[in-house]
Amino acid sequence: MARAGVILAAGMGTRMKSARPKVMHEVAGLPLLGHVIQAMRGAGVERIVVVTHKDGEAVRTFAQKMGAESVIQDPQLGTGHAAACAGPALRDFPGTVIIAYGDMPLVTTATFEASFAAQAETGMAMIAFRPAEPGMYGRMILDRARLLDRIVEFKDANSEERAVTLCNAGILAAATKEFFHWAGKLENNNAQKEYYLTDIPTLAKADGVRCAVIEVDDESEMMGVNSRAELAAAEAAMQKRLRANALKNFVGLVAPETVHFSHDTVLEPDCLVEPYVVFAPGVTVKSGAHIRSFSHLEGATVAAGAIVGPYARLRPGAVIEENVHIGNFVEVKNARVEKGAKANHLTYLGDARVGPGANIGCGTITCNYDGFGKYMTDIGAGAFIGSDTALVAPVKVGDGAITGAGSVITKDVAAGALALTRAEQQERPGWADKFRARKKAEKEAKK
Ligand code: UD1
Ligand code: CA
């Protein structure tokens, strides 16, 4: 059966007190909404419609980037009304539709799969969980067959209903056509004067369709983000999950709780990551690579046998090949450092190629930017760049060439040549001693 999805994201997220729409806040480097879209996609959902606020341009742009469609809900009349707004886009979709909220970043593909499987049995399915603190969640009242009798929103519930600990997570699967038929029949005669998504099962029941309820054990998976504190809690839960996955995948993590992952970090089995490393988005570390403490990596690839850090910074476009050493306070951006090359200390390599086996001395800088454009530096195989060399790009240093320490290289250097731009050294015998004596006398005279 074909699968479509609707993600509700039209709320303003006022409790975040942010210029950014709530679902655009990030967990593990990806907006909340992105996590929900990815989990749905994983469950084979081919069309996803995101319901947005009229001012949610950023949400629509992001949804499009993730291959999802979007519609506008204006004004916000409740979760059932929001879902109904996807009707014109999906009403004729032949198959099953799943509804979820855009602020549940920890929801998994497995939960969506379970919803579809249960829906196929009974015609409708919802996800439940038992939070440690049921708080304001909608309560799920089951019948003797353990099918859903009804959901009572906290604000509409009596004390007996509030005592129920089974809560609604906000995920519902149903046949598409029927779903939008019921969504169009919702009423708002409740405490909040809203059209509740949670009334859909009651309408379905009247038409003879029963709703199965699947209980998910991991409470954190159903966590909804409404505040900064909940955003931080979601981040912590996601980091825990990513670290556990890495360990399960045979990644060496000396102090897992100190390593920060992005949603897309790829660490191959048997790479080693020391404490306090940050992986921003877009990083791949191959088997046999070693990332040392306090390094920050983003948009970079590190190959087998390479050692990065401590205190290294790899920025987007950094490609670190086999057996390369990138040491402390070395920054690499849009640069390929080829097999066995070394840049061990205090260096900036931007918009560059460093040939195999080249040695980059301490304090080397590729001067890649003139305030207007960016230019390439090309360093040949086996070249030796003396300490404190400034390479003014565009410039090429040939294979095996040497640059003298402290040189400012503005012209291409031929293979095998030595290039240096130093002023000649002068020496004045005894000058230092005489200088000190004079200064000392001046100081004494002032007393
Ligand atoms: C909802 C459920 C509740 C459930 C809880 C789980 C309803 C009526 N209640 O309550 O049973 O336990 O989630 O977290 O569904 N939204 C719109 N348009 C609207 C209203 C909401 O797009 O007009 C979106 C919000 O952006 C949000 C989601 O729907 O992403 C949920 O809305 P929210 O107001 O947070 O629902 P809750 O009161 O938490
Ligand atoms: Ca909520």
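Only this structure's heavy atoms are used, side chains among them; waters, hydrogens and symmetry mates stay out. In each ligand, atom 1 is the first atom listed, and ligand 1 is the first ligand listed.
Note on ligand 1: Thr198 sits in its first shell, one or more heavy atoms being nearer than 4.0 Å. Taking a 4.0 Å cut-off on heavy atoms, Gly224 fails to register as neighbouring ligand 1. Ligand 1 lies nowhere less than 4.0 angstrom from a heavy atom belonging to Gly170. Using a 4.0 Å heavy-atom cutoff, Gln73 is listed among the residues neighbouring ligand 1.
Rounding to the nearest 0.5 angstrom, the gap separating the CZ atom in Arg139 from the CZ atom in Arg150 is 13.0 Å.
Counting the atoms of ligand 1 from 1 in the order shown, those under 4.0 Å from a heavy atom of Gly138 are 3 (C), 4 (C), 11 (O), 12 (O). When each atom of ligand 1 is checked for a heavy atom of Ala169 under 4.0 Å away, the hits are 6 (C). Residue-ligand proximity, Ala82 to ligand 1, at heavy-atom distances under 4.0 Å covers atoms 17 (C), 18 (N), 22 (O). Under a 4.0 Å criterion applied to the non-hydrogen atoms of Tyr137, ligand 1 contributes the atoms 5 (C), 6 (C), 12 (O), 14 (O). Less than 4.0 angstrom separates some heavy atom of Leu77 from each of these atoms of ligand 1: 23 (O). For ligand 1 and Gly11, the ligand atoms under 4.0 Å from any heavy atom of the residue are 17 (C), 22 (O), 25 (C), 26 (O). Each of the atoms 18 (N), 19 (C), 20 (C), 23 (O) of ligand 1 lies under 4.0 Å from some heavy atom of Gly78. The atoms of ligand 1 that sit less than 4.0 Å from any heavy atom of Thr79 are 7 (C), 8 (C), 15 (O), 20 (C), 21 (C), 29 (O), 31 (C), 32 (O).
Between Tyr195 and His81, the two ring planes are tilted [angle within 30° to 60°]. Ring geometry for Phe294 against Tyr276 counts as parallel: the plane angle stays under 30°, on a 0 to 90° scale with 60° as the upper cut.
With hydrogens and angles disregarded, a donor-acceptor distance shorter than 3.5 Å links the side chain of Asp156 to the backbone of Ala191.
The proximity of Lys22 to ligand 1, defined as any non-hydrogen pair under 4.0 Å, does not occur for either the backbone or the side chain.
The residue among Val6, Ile127, Asn168 with a heavy atom at the shortest distance from atom 12 (O) of ligand 1 is Asn168.
Checking only distances, Tyr196 never comes within under 3.5 Å of ligand 1, N or O to N or O.
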